[in-house]
Amino acid sequence: MSADSAQNKVAVALLKALEIAKSNGLLNCDLPSQITLDRPKNREHGDYATSIALGLAKAANLQPRVIAEVIVKSLNENNLLTVAGISKVEIAGPGFINITLESASQGAVVSQILTEGKKYGRGKTLAGKKINLEFVSANPTGPLHLGHTRWAAVGDSLGRVLSAAGAEVSREFYINDRGNQMDLFGQSLFSASQNKEIPENGYHGEYIGDLAKQIVKENPSFSKLTGDEAMAAFRDAGYKLQLDQQRQVLDNFGTHFDTWFSERTLYENDFFTHTLAKLKSLGHVYEEEGATWLRTTDFDDDKDRVMIKSDGTFAYFASDSAYYVSKRERGFNLCIYMLGADHHGYVGRIKAIAACAGDDPNKDIEILIGQMVKIMEGGVELKLSKRAGTIITLEELVEKVGTDAARYTLIRYPTDTPMVMDVDLLKKNTNENPVYYVQYAHARICAVLRNAKELGINHGLDFYSPELLTHERERELIGLLAQYPKIVASAAELRQPHRVARYIEEVAGQYHRFYNDCRVLPLGEEKPTDLNSSRASLSLATAQVISNGLDLLGVSAPEKM
RNA sequence: GCGCCUGUAGCUCAGUCGGAUAGAGCGAAUGCCUUCUAAGCAUUAGGUCGCAGGUUCGAUUCCUGCCAGGCGCACCA
């Protein structure tokens, strides 16, 4: 956010007005360090509004309206209005102060956008944060389903948003490549390759048969193997193929990971031993009934967790612990886990791992829970069962609606809300999808600007005269564009990329309204004016903001549609 | 039983660090292209913000209790 934005100037002026009033003995209370300005819903309430007078009423022991009057008087008498580019100040209702900006002051943000280009909206609120962002982390035993897809879209977008806020982000995919599930996977493949029945609790999807065929084709010698040897051979070959497939699907989806972290590696080079020793030295490990436990109840977990089972094998929780320690020892000062709702029971124990490792579970680690995605088709819910094989995969979804629509639809809802995707609706008619509304606005602007160029109408930084943009639609649009940096910052702070999507939908709508009421290019024989140039420049800035916003979602900004 | 999430327009959902008349899209009705992309815009209809208390100048937003729905509560991974 630019420090000298119009909004900031207003906030500074208000604070100054308060300080002067206080030093003159008109107010007898502590002042806030910052003034918060709202964008009023009702345009008649100006460009910005503050309820500061209501907030101070009690402490100052004065009527809110009296305080508001004191502030306004102070603004007037100390020449603060001009400095802050304010054209009008009004007191309304119980004591709101409504502020209207000079067009020139308000319109300055367009110049800022045109100057900063792709960088407009980027900030430093998360500077210095080294974030490990873990998401998707599917088992390499099958295709990615819709739950994974939600995270693939949201996680990737969150990564972009966090980076835009100045954080250093590393995306990580944790591969669960150890344990019973992997063995079952190998067993299922082996059985399928011999046309034998797949074990009851094995994997039954259609892909298993295909995968088995492919493995046999690539490794003819495998058909001679038996027992555990065969299981392991099929397991590892299938693992490699599935992982490659997942990687490729995610790649096509525009989601890229910096690190693919194999669970197996946690047991190489004595890393788990090291983890255990560390936790032990901090006093949270004990043995009971032949098993090794981590006393997570020291930190609010429901029950203690087994790391090494009484038969000497490692429980999954052993990996969880070592994995967390690994993240921290690789230098990340914030670990974000994105988990499905069916894993929300893990929150307590994972946070407890952090606490047991001597970290602050409220600061060094965050766990985001994504609620379920339901799919409806033909009015019936499709059940998601990976093992049964009746699943909608990421690939299938993309085939049906395309990457842009799939990503956009998944990102525009907050993740703590269960989501219903109507396949019929998404298949049926794409223009019912908000992504097209936004993309259309961008394409429309590009068309206008192409025409402007043809007509020889200059636009851009040097041809922009903010004081000419006084139309209500123009002011609304400019005011909205000025909000973008705050939107990005809050999306990052709250880990909610959907805010960016909702915001650019608003920008698109505002542009469409502006377009309808304010002619950008000259009509017929009219001679081009500075107003045409300024409106074209405003259009250019709008396209920039939409494009920047779509980029944070990983969705394309087409120039033509 | 315990824990997490959710309950806002006919449908799918935003919004809320407590603020002035609760929003969008779809669906319904009616207008707007002899000139920038009508994949758009405007107007109308549609709401006890799950229910009941509490805190407050002010609650859809915060607190408590209910009701309803979803998801979890392994020496499985």
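Computation of the quantities below employed the complete heavy-atom set of this structure, encompassing side-chain atoms and omitting hydrogens, waters and symmetry-equivalent molecules. Numbered from 1 within each chain, the chains take letters A, B, ... in sequence-line order.
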Could you check whether [X] gets within reach of a base, just the sugar-phosphate, or nothing at all, counting any heavy atom under 4.0 Å?
X: A:Tyr440; value: base
X: A:His498; value: sugar-phosphate
X: A:Gly179; value: sugar-phosphate
X: A:Arg519; value: base
X: A:Lys560; value: base
X: A:Ala452; value: nothing
X: A:Arg450; value: base
X: A:Phe317; value: nothing
X: A:Leu54; value: base
X: A:Arg535; value: nothing
X: A:Asn98; value: base
X: A:Pro414; value: sugar-phosphate
X: A:Pro418; value: sugar-phosphate
X: A:Ser319; value: nothing

Hunt down the Watson-Crick or G-U wobble partner of [N], both distances under 3.5 Å, from any strand shown, or write none.
N: B:rA42; value: B:rU30
N: B:rC36; value: none
N: B:rG65; value: B:rC51
N: B:rG3; value: B:rC71
N: B:rC13; value: B:rG23
N: B:rA59; value: none

Contacts of A:Ala92 and A:Glu263 projected onto RNA chain B by closest heavy atom; the upstream (5') one is A:Ala92

Nearest-nucleotide check on RNA chain B, A:Ala341 vs A:Trp293; residue mapping nearer the 5' end is A:Ala341

Mutual orientation of the aromatic rings belonging to A:Tyr324 and A:Tyr337 [parallel < 30°, tilted 30-60°, perpendicular > 60°]:
parallel

| query | What orientation do A:Tyr203 and A:Phe185 show, parallel under 30°, tilted 30 to 60°, or perpendicular over 60°? | reply | perpendicular

Closest nucleotide among [options] to the [X] side chain:
X: A:Asp342; options: B:rU37, B:rC71, B:rC75; result: B:rC71
X: A:Ser310; options: B:rG40, B:rA14, B:rC75; result: B:rC75
X: A:His344; options: B:rC13, B:rA20, B:rG72; result: B:rG72
X: A:His512; options: B:rU35, B:rG15, B:rG40; result: B:rG40
X: A:Leu521; options: B:rC75, B:rC36, B:rC57; result: B:rC36
X: A:Gln371; options: B:rC5, B:rU56, B:rA77; result: B:rC5
X: A:His45; options: B:rA77, B:rC13, B:rA20; result: B:rA20
X: A:Ala315; options: B:rA77, B:rA14, B:rC36; result: B:rA77
X: A:Thr36; options: B:rC17, B:rA42, B:rA77; result: B:rC17
X: A:Tyr437; options: B:rG40, B:rU37, B:rA20; result: B:rG40

Q. CG of A:Asn61: more than 12 outside heavy atoms within 6.0 angstrom?
A. no

What about the rings of A:His512 and A:Tyr437, do their centers lie closer together than 6.0 Å?
yes

- Message: Are A:Phe173 and A:Phe261, when compared by the centres of their aromatic rings, separated by less than 6.0 Å?
- Response: no

Check: Side chains of A:Ser539 and A:Tyr511: do they bring a donor and an acceptor to under 3.5 Å?
Finding: yes

> Looking just at side-chain N and O atoms, do A:Tyr408 and A:Glu505 make a donor-acceptor pair shorter than 3.5 Å?
Replying inline: yes

### Message
Tell me if the side-chain of A:Glu289 makes a donor-acceptor pair with the base of B:rC75, cut-off 3.5 Å, by modelled atom types.
### Response
yes

Q: Ignoring hydrogens and angles, answer whether the base of B:rC76 and the side-chain atoms of A:Tyr346 contain a donor-acceptor pair closer than 3.5 Å.
A: yes

Quiz item: Under the criteria of a ring-centre distance below 5.5 Å and an interplanar angle below 30°, is A:Phe96 stacked with the base of B:rA20?
Solution: yes

### Message
Stacking between A:His343 and B:rG72, defined as ring centres under 5.5 angstrom apart with planes under 30°, is that present or not?
### Response
no

With syn defined as a glycosidic angle within 90 degrees of 0 and anti as anything else, the base of B:rC33 is syn

(message) Measuring to OP1 and OP2 of B:rA77, would you say a side-chain N or O of A:Lys309 lies under 4.0 angstrom away?
(response) yes

Given side-chain hydrogen bond (donor to acceptor under 3.5 Å, both in side chains), test A:Asp47 with A:Thr100 step by step and report yes or no. CA-CA 5 Å; A:Asp47 294 312; A:Thr100 306; 4.9 Å; no

